Amino acid sequence: MHSDIRVRFAPSNTGHLHIGGARTALFNWFFAKHHAGAAILRIEDTDRQRSTEEYYDAIMEAFDWLGLEWDEGPYRQSQRMDIYKESVNKLLSSGAAYRCTCTPDQVNAMREKARADGKTPKYDGTCRGRYDKDPNVPFCLRLRTPDAGETIVDDILAGEVVFENSQLDDMVIVRTDGTPTYNFCVAIDDIDMKITHVIRGNDHLSNTPKQVLVYKALEEPTPNFAHISMILGPDKKRLSKRHGADSVLEYRDRGFLPEALINYLVRLGWSHGDQEIFTKKEIVENFSLENLNRSAAIFNPEKLLWLNQEYIKSADGDFLVESLDTGLKERGLLPDLLTHGTRKGIVNELRTRSRTISDMIDGARFFFENEIEFDEKAASKFLNPENSGLIMKLRDELTKIETFSTENVKSVFHLVMEEETIKLGKLAQPVRVAITGGTISPGIFETISLLGKDRTILRLNTALAKIDE
RNA sequence: GGCCCCUUCGUCUAGCGGUCAGGACACCGGCCUCUCACGCCGGUAACAGGGGUUCGAGUCCCCUAGGGGUCACCA
């Protein structure tokens, strides 16, 4: 099973892989996998000022975490200069490209004048017909754009999008410093890599006719285009650092599971009936560009949180224990204070109470702290002389238990409740505060049996002492 | 501003000429209950507006409005 379909995801390493880029990468990846084609990663690092190795590494780390493996690449544009040069020579000899000695200032002046005259601001083609160029004057290379006619982009999602050539500029394909520009490299790379489907953000649609012109000038067939909708922030503005264009790695650090992020991101714009939760396999099986929504989607953190919890609820226990362990260590706590089995019990209690892994670790802290911190409000409400008799009685009864199981702990509670003729709530809350420091925790029997006999007794005594203060 | 794209509950979406316009998140009730959750049951809530086409329009066409994108020797 293998097809000729080839797609690429082409981020620039001028920043982290943010969720918008990740979503585009995912659509490419799933499209390739669905068709048993090839998914290619290409780093667009021709911006020498802003591209960094740190970002390059961070992007690779993000894909590693997401579990996306690429069939080819990462290719680096910075290492492909020979390929661009070859195409430049072709265009130069065919006359499709020409030398331009106009300075940026001159070009800006042209644009401003055109704008003032109410026309499309563009380069006026001054250097198109000049062949008497002084080789000592610095120059850039421009691509000759037809003055009339139209360039049509046949988009899988948007249909045929028509651009008037008169709207298009003679774009620079090689800068004065000799480096090729983005819109040029993209086309050359996509040709060279035999890309069959260019799936990318809607923000590139307006750039596409420029690239199509490069294909035409080189007499190469154009690939299929699919310009997908973008993700907007809660204010309907383009996602930016201000509102949630966070890097993928930040979601990892905040305790999200990669499967949940992937599921959420893919469902933003793509759907399969009423289904909300998908395994990677299910997405691969069902993914198609036709089911992509054409309108922009607003990023909803609440739903991501819900999905994340769904994944935590059904996550493998050992995986959660592992996550717990690393989280505890990061916070300077020792997981080994409790056995692996006990920790597994803890995560099983916490999984229905945690929207993120970070929540889970916060909820587990008190099990591992030698001195718990008391929530003042809770302490003053429940740790008072009125309750000390109850706590003492419970402590004495717990001390008698040999097998500290949930069932046995429960029996002790019921014994005390009967003797004192009180409801469980009356007893559970003070005890909860005594052993956890607060009013929120898993069930009290489970919590106590998981905490263990010695530590429970110790904490009850500590609480008793606190009451006496 | 020119050009391009988009428009179903607050949000993500189903719908592909005839539906009581469905699901999910969030929200609001209720049940469960030792706290917090989970779970279960129920509820509020949408076809941007206006013209056509059609026996019939959320679905097709046009206009308006709104939102977004793009106009570099950045990517």
Side-chain angles (χ1 to χ4, degrees), chain A residues 10-15 44-47 49-51 77 100 102-104 107-108 111 114-115 118-123 138-142 153 155 157-159 161-164 166-169 171-177 179-183 185-186 201-210 227 229-230 232 234 236-238 264 267-277 293-307 309 313 349-355 363 378 382 413 417 423-429 431-433 436 438-445 447:
Chain A
S12 69
N13 58 332
T14 55
E44 316 239 315
D45 56 356
T46 50
D47 186 337
Q49 272 75 45
R50 298 188 301 148
S51 295
Q77 285 188 328
C100 172
C102 297
T103 63
V107 177
N108 283 337
R111 290 208 170 90
R115 197 182 283 266
K119 292 187 216 154
T120 306
K122 53 188 264 194
Y123 176 68
F139 62 89
C140 68
L141 259 32
R142 286 181 184 276
V153 176
D155 192 275
L157 293 172
V161 185
V162 180
F163 295 87
E164 296 293 330
S166 58
Q167 297 287 330
L168 270 26
D169 217 341
M171 72 159 171
V172 172
I173 59 171
V174 177
R175 301 183 185 93
T176 307
D177 66 3
T179 59
T181 59
Y182 168 77
N183 279 118
C185 295
V186 168
N202 214 313
D203 49 335
H204 287 276
L205 184 54
S206 302
N207 280 327
T208 309
K210 299 179 185 179
H227 287 91
S229 66
M230 312 188 56
L232 268 31
K236 293 199 168 192
K237 288 271 188 292
R238 184 180 189 158
Y264 178 75
R267 267 289 281 117
L268 220 51
W270 177 79
S271 57
H272 180 65
D274 285 338
Q275 191 171 346
E276 295 286 348
I277 298 176
N293 206 312
R294 285 197 280 266
S295 54
I298 294 173
F299 185 79
N300 183 352
E302 284 295 323
K303 191 158 184 181
L304 207 208
L305 244 11
W306 167 76
L307 248 185
Q309 172 156 26
K313 280 195 299 197
E349 288 301 323
L350 255 18
R351 69 203 309 160
T352 53
R353 291 164 237 259
S354 310
R355 302 214 287 180
F382 293 104
F413 267 76
M417 282 157 61
K423 294 250 174 105
L424 180 53
K426 197 88 175 72
L427 179 58
Q429 276 311 75
V431 173
R432 194 187 311 279
V433 176
T436 73
T439 56
I440 298 169
S441 85
I444 193 69
F445 313 135
T447 302

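Only a predicted model underlies this, so the values are computations on that prediction, with no experimental measurement involved.
- Comparing A:R355 and A:A10, the nucleotide of RNA chain B nearest to each residue sits closer to the 5' end for A:R355.
- Nucleic acid contact for A:P11: none, since no nucleic acid atom lies under 4.0 Å from a heavy atom of the residue.
- Counting any heavy atom pair closer than 4.0 Å across all strands shown, A:D155 reaches no nucleic acid atom.
- Out of B:rC12, B:rA75, B:rC71, the shortest distance to the side chain of A:K210 is found at B:rC71.
- Look at the P atom in both B:rG68 and B:rG15: the space between them is 27 Å, to the nearest Å.
- Comparing B:rU13, B:rC25, B:rC73 by their closest approach to the side chain of A:N300 singles out B:rC25.
- Using a 4.0 Å heavy-atom cutoff across all strands shown, A:K313 reaches sugar-phosphate atoms only and no base atom.
- When distances run from any side-chain atom of A:E302 to the nucleotides B:rC73, B:rG68, B:rA26, the shortest one goes to B:rA26.
- Comparing the C1' positions of B:rA24 and B:rA46 gives a spacing of 15 Å, expressed to the nearest Å.
- Within 4.0 Å of A:S271, counting heavy atoms only, lie sugar-phosphate atoms of the nucleic acid but no base atom.
- Between A:P442 and A:T447, the closest heavy-atom pair is O-OG1, 3.1 Å.
- Distances shorter than 4.0 Å separate none of the side-chain N or O atoms of A:R432 from OP1 or OP2 on B:rC34.
- Backbone-only engagement by A:S295 is indicated by non-hydrogen atom pairs under 4.0 Å involving sugar-phosphate atoms exclusively.
- The P atoms of B:rC47 and B:rA21 are separated by 12 Å, rounded to the nearest whole Å.
- Across all strands shown, B:rG18 forms a Watson-Crick or G-U wobble pair, both distances under 3.5 Å, with B:rC55.
- Look at CG on A:L424: it is 6 Å from P on B:rC34, rounded to the nearest Å.
- Counting non-hydrogen atoms under 4.0 angstrom, A:G269 reaches the backbone sugars and phosphates but no base.
- When the P atom of B:rA37 is taken as reference, atom CD1 of A:I444 falls 16 Å away, rounded to whole Å.
- One N or O on the side chain of A:D155 and one on the backbone of A:H227 form a donor-acceptor pair closer than 3.5 Å.
- Contact annotation: side chain of A:S206 to base of B:rC71, donor-acceptor pair absent below 3.5 Å.
- Counting all heavy atoms, side chain and backbone alike, A:C100 lies closest to A:R142 at SG-NE, 3.3 Å.
- Straight-line distance from the NZ atom of A:K303 to the C1' atom of B:rU13: 7 Å, rounded to whole Å.
- Between A:R111 atom CZ and B:rU70 atom P the separation is 16 Å, expressed in whole Å.
- Base pairing of B:rC40 is made with B:rG30, judged by Watson-Crick or G-U wobble geometry with both donor-acceptor distances under 3.5 Å.
- Among the heavy atoms of the strands lying under 4.0 Å from A:G425 are primed sugar atoms or P, OP1, OP2 only; no base atom is included.
- Distances from the side chain of A:T352 to the nucleotides B:rA37, B:rG69, B:rC12 place B:rA37 closest.
- In terms of position on RNA chain B, the residue among A:W270 and A:Q167 whose nearest nucleotide sits closer to the 5' end is A:Q167.
- Aromatic ring pairs are classed by plane angle as parallel below 30°, tilted from 30° to 60° and perpendicular above 60°; the pair A:F413 and A:F445 is perpendicular.
- For A:T46, a side-chain nitrogen or oxygen approaches OP1 or OP2 of B:rA75 to under 4.0 Å.
- B:rA24 is paired with B:rU11 under the criterion used here, namely a Watson-Crick or G-U wobble arrangement in which both key atom distances are under 3.5 Å.
- For the P atom pair drawn from B:rA45 and B:rC61, the interatomic distance equals 31 Å after rounding to whole Å.
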Set out, in order, the CA-CA distance, both residues' side-chain angles and the distance that settles salt bridge (charged side-chain N to carboxylate O under 4.0 Å, His left out) for A:R111 and A:D169, then state yes or no. CA-CA 10 Å; A:R111 290 208 170 90; A:D169 217 341; 2.8 Å; yes
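- Classification of B:rC38 as syn follows from a glycosidic angle within 90° of 0.
- Residue A:T179 is out of contact with every strand shown, counting any heavy-atom pair closer than 4.0 Å.
- Residue contacts shown for A:V162 are limited to sugar-phosphate atoms, with no base heavy atom under 4.0 Å away.
- In A:K313, the NZ atom is crowded: over 12 heavy atoms of neighbouring residues, nucleotides or ligands sit closer than 6.0 Å.
- Distances from the side chain of A:A158 to the nucleotides B:rC34, B:rC5, B:rA24 place B:rC5 closest.
- Across the P atoms, B:rG22 and B:rG43 are found 11 Å apart, a figure rounded to whole Å.
- Nucleotides B:rC60 and B:rG67, compared at atom C1', are 24 Å apart to the nearest Å.
- Below the 3.5 angstrom threshold, one finds no donor paired with an acceptor across the side chain of A:N202 and the base of B:rG69.
- Side-chain to base pairing of A:R353 with B:rC36: one donor and one acceptor N or O lie within less than 3.5 Å of each other.
- Distance, A:R267 CZ to B:rA24 P: 12 Å, rounded to whole Å.
- Between the side chains of A:N183 and A:T181, no donor N or O sits under 3.5 Å from an acceptor N or O.
- Judged by distance alone, with hydrogens and angles left aside, the side-chain atoms of A:K122 form a donor-acceptor pair with the main-chain N or O of A:L168 at under 3.5 Å.
- Looking at heavy-atom distances under 4.0 Å, A:R294 makes contact with sugar-phosphate atoms alone, never a base.
- Of the nucleotides present, B:rC71 is the one that pairs with B:rG1 by Watson-Crick or G-U wobble criteria, both distances under 3.5 Å.
- Formation of a donor-acceptor pair under 3.5 Å by the A:R432 side chain with backbone atoms of A:G443 is not found in this model.
- A donor-acceptor distance shorter than 3.5 angstrom exists from the side chain of A:Y264 to the backbone of A:N300, with no hydrogens or angles considered.
- Judged by Watson-Crick or G-U wobble contacts below 3.5 Å, the nucleotide B:rG66 has B:rC6 as its partner.
- Judged by Watson-Crick or G-U wobble contacts below 3.5 Å, the nucleotide B:rU35 has no partner.
- Looking at the side chain of A:D274, the nearest of the listed nucleotides B:rU70, B:rA14, B:rU11 is B:rA14.
- On the P atoms, B:rA14 is 15 Å away from B:rC6, given to the nearest whole Å.
- Rounded to an integer number of Å, the gap from A:E276 CD to B:rA24 P is 8 Å.
- Spacing between atom CD of A:E349 and atom P of B:rU33 amounts to 17 Å, rounded to whole angstrom units.
- Atom pair A:K122:NZ and B:rC73:P shows a separation of 14 Å (rounding to whole Å applied).
- Within the nucleic acid shown, A:N207 comes within 4.0 Å of at least one base atom, counting heavy atoms only.
- Look at the P atom in both B:rC4 and B:rC62: the space between them is 13 Å, to the nearest Å.
- Across all strands, A:S12 comes closer than 4.0 Å only to sugar-phosphate atoms, never to a base (heavy-atom distances).
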